Every structure is written in structure tokens, then in C-alpha cells.
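Here the structure is laid out as C-alpha cells; the discussion comes afterwards.
Letters A, B, ... mirror the listed sequences (proteins, then strands); counts begin at 1. Predicted, not measured: the structure shown is a model, and the values here were computed from it.
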Amino acid sequence: METAINLLSDKSRVKTLPREFYVRPVLEVARDCIGMILVHRSPDGEAAGRIVEAEAYRGPLDLAAHSSRGLTKRTAAMFGPPGYAYIYLLYGMHWAINLVAGAEGEPHAVLIRAIEPIRGIELMARRRKKLATSRELTSGPGKLTQALAITGQHYGIDLCGEELFLEVGERRAGVGRSPRINVAYAGEWALRPWRFYERGNRYVSVAPRI
DNA sequence: ACGAAGATCGACT
DNA sequence: GTCGATCTTCGTA
């Protein structure tokens with residue numbers, strides 16, 4: 001946490017998070033993502049939202065991570081340098097975005113599971129065919145990619161570039177932890193509390209069990 | 001070459 | 001709460 005705070009205050013004039021943000025243990029990166037702003041500048045305009053839910057994946061040991069099955073065409077980005085996007089198709093239907101993190105060569109990544117709309121809300125509503133006030137706009141990994149128009153064409157994109165990046169944001173509530181969602185196939189790895197979320201935020205995809 | 005399963009969503013009861 | 005959609009990836013033959 002120390003590291004992140006110093007990192008952010010030093011760069012307070014620069015809104016885009018630098019590569020160093022991603023070059024840290026993936027659990028720290030996942031936790032520190034909560035409250036940061038995910039921005040996509042597309043030809044249609046800019047859309048952005050505060051990250052309110054994220055999960056850490058730590059292959060190759062972590063059996064819930066795609067990278068536990070080794071380096072393939074799909075997982076190549078996870079094995080590449082930190083600060084790039086690993087994007088894949090979920091259930092053959094929806095795109096999901098991950099931020100590659102950790103030391104170079106470690107196939108670790110942070111899955112963004114939910115954001116709270118901040119800018120370009122009407123644009124997101126049109127893309128989602130929902131009301132701008134609807135929770136359904138961005139309360140899930142496949143929903144937020146549709147709202148931000150992130151697809152496979154962004155595979156491997158540099159998150160320190162001008163199109164798709166994280167911006168410093170403020171955290172409004174405490175960060176909760178829980179096991180990751182829908183990874184029961186990973187056996188005991190599914191029990192690890194590697195999901196982070198902002199407490200009380202209505203865009204969090206799955207309500208935490210109290 | 002074939003078949004199963006998946007880091008989900010939305011429609012429906 | 002249940003269930004179908006849809007397609008890439010990977011294990012097995």
C-alpha cells in the first residue's frame with residue numbers, strides 16, 4: 001500500500017497510471033485498482049468508470065488462471081510484460097478485460113469485473129441498450145466491456161497508451177475481499193480470497209455474503 | 001476430427 | 001431461481 005500511495009502522490013499531476021503501477025504483486029495491484037478509473041477513448045467518444053470489483057489470477061500455479069494451462073495463443077499476453085491488456089471471450093459470447101501485472105514473465109493478471117459509470121454514461125447506455133441509471137450498465141465483466149466497447153481487437157494493447165488506460169480516482173468506501181466468482185473448477189484455489197470490491201457499491205456484480 | 005466446458009448474460013417462471 | 005445462447009480452446013482419438 002505504501003508503495004502505491006507514494007507512487008500516486010508523486011505522479012499526482014499525471015493522471016494516467018504509469019507502468020510501475022502494474023509491476024507489483026498481483027494481489028496488491030488488484031486491491032489498488034478499486035477506485036481507479038478505467039478509460040476507453042474510441043471514435044464514438046470517451047467512456048470511463050471507477051473500478052469497483054476486480055480479481056487476481058496467479059498462474060501457473062493458480063488453477064483458476066488461464067495461464068495455468070501454459071503459454072498458448074490465447075494466453076500469450078499474460079506471459080508478456082505488465083501494463084498490457086489480456087482480453088478473451090467468455091462463454092463464446094462476451095469479452096472480458098484483464099490487466100497484466102506482476103514481474104515480467106509471471107503470467108499474472110487482474111480481471112476487471114465491474115465499474116461504476118463516470119463519464120460517457122449516455123454513450124454506455126446506447127451501447128448497452130439500457131437506461132443510463134441502470135445498474136445493468138456495467139455490473140459484470142461482460143457488461144462493462146460492452147459499455148466501454150472493448151473487444152478482442154484490443155488484445156495486447158498497451159495500458160500506458162492514449163486509448164485504453166487507468167486514471168487516478170478516489171476510493172469512496174472500504175475494500176472488501178471474498179473468494180473469486182465462478183471458478184469452482186479450480187478446486188481449493190477457488191477458496192482463496194482474491195476478489196476485491198468496494199463495499200456498498202451497487203455496481204458490484206455479485207452481492208457479498210455477510 | 002469430435003466433444004466438452006467455460007473467469008457470463010438476459011429472458012423467463 | 002432456471003436455462004439457452006454461442007464459439008474458442010483444449011483433451012482425447
Task: Partners passing ring pair (Phe, Tyr, Trp, His ring centres under 6.0 Å) against A/His94 (at least two apart in sequence or in another chain) - done: none

Open item on the list: When you compare the side chains of A/Thr138 and A/Arg113, does any donor N or O come within less than 3.5 Å of an acceptor on the partner?
Closed with: no

TODO: Any chance you could list the contact pattern along nucleotides 8-13 of chain C? Use B for base contacts, S for sugar-phosphate-only contacts and - for none, protein heavy atoms under 4.0 Å, 5' to 3'.
DONE: -SS---

Task: Sugar-phosphate, base or nothing in reach of A/Ala64, heavy atoms under 4.0 Å - done: base

Task: Of A/Lys130 and A/Val183, the one whose closest DNA chain B nucleotide lies more 5' - done: A/Val183

Open item on the list: Using a heavy-atom cut-off of 4.0 Å across all strands, would you classify A/Leu90 as base, sugar-phosphate, or nothing?
Closed with: sugar-phosphate

- [ ] Give A/Arg128 one of three labels, base, sugar-phosphate or nothing, depending on what nucleic acid heavy atoms sit under 4.0 Å from its own.
- [x] sugar-phosphate

Open item on the list: If you take the centroid of each ring, where Trp contributes its six-membered ring, are A/Tyr88 and A/Tyr86 closer together than 6.0 Å?
Closed with: yes

TODO: Would you mind checking if A/Arg192 and A/Asp62 are paired as a salt bridge, meaning a charged N to carboxylate O distance below 4.0 Å?
DONE: no

Task: Bracket string, DNA chain B, 5' to 3' - pairs by Watson-Crick or G-U geometry under 3.5 Å, | interstrand - done: ||||||.|||||.

Task: Set of residues satisfying salt bridge (charged side-chain N to carboxylate O under 4.0 Å, His left out) with respect to A/Arg172, sequence neighbours excluded - done: A/Glu116, A/Glu170

- [ ] Would you check if the distance from the ring center of A/Tyr57 to the ring center of A/His66 is below 6.0 Å?
- [x] no

TODO: Tell me yes or no: between the side chains of A/Arg128 and A/Gln146, is some donor less than 3.5 Å from an acceptor?
DONE: yes

- [ ] Would you mind checking if A/Arg119 and A/Glu46 are paired as a salt bridge, meaning a charged N to carboxylate O distance below 4.0 Å?
- [x] yes

Task: Side-chain ion pair, A/Arg195 and A/Glu53, N-O less than 4.0 Å - done: yes

Task: Connected-component partners of A/Ile37 among ILVMFWY, side-chain separation under 4.5 Å - done: A/Val39, A/Phe165

TODO: Provide the start and end nucleotides, 5' to 3', of the part of DNA chain B that has atoms under 4.0 Å from heavy atoms of chain A.
DONE: B/dG6 to B/dG10

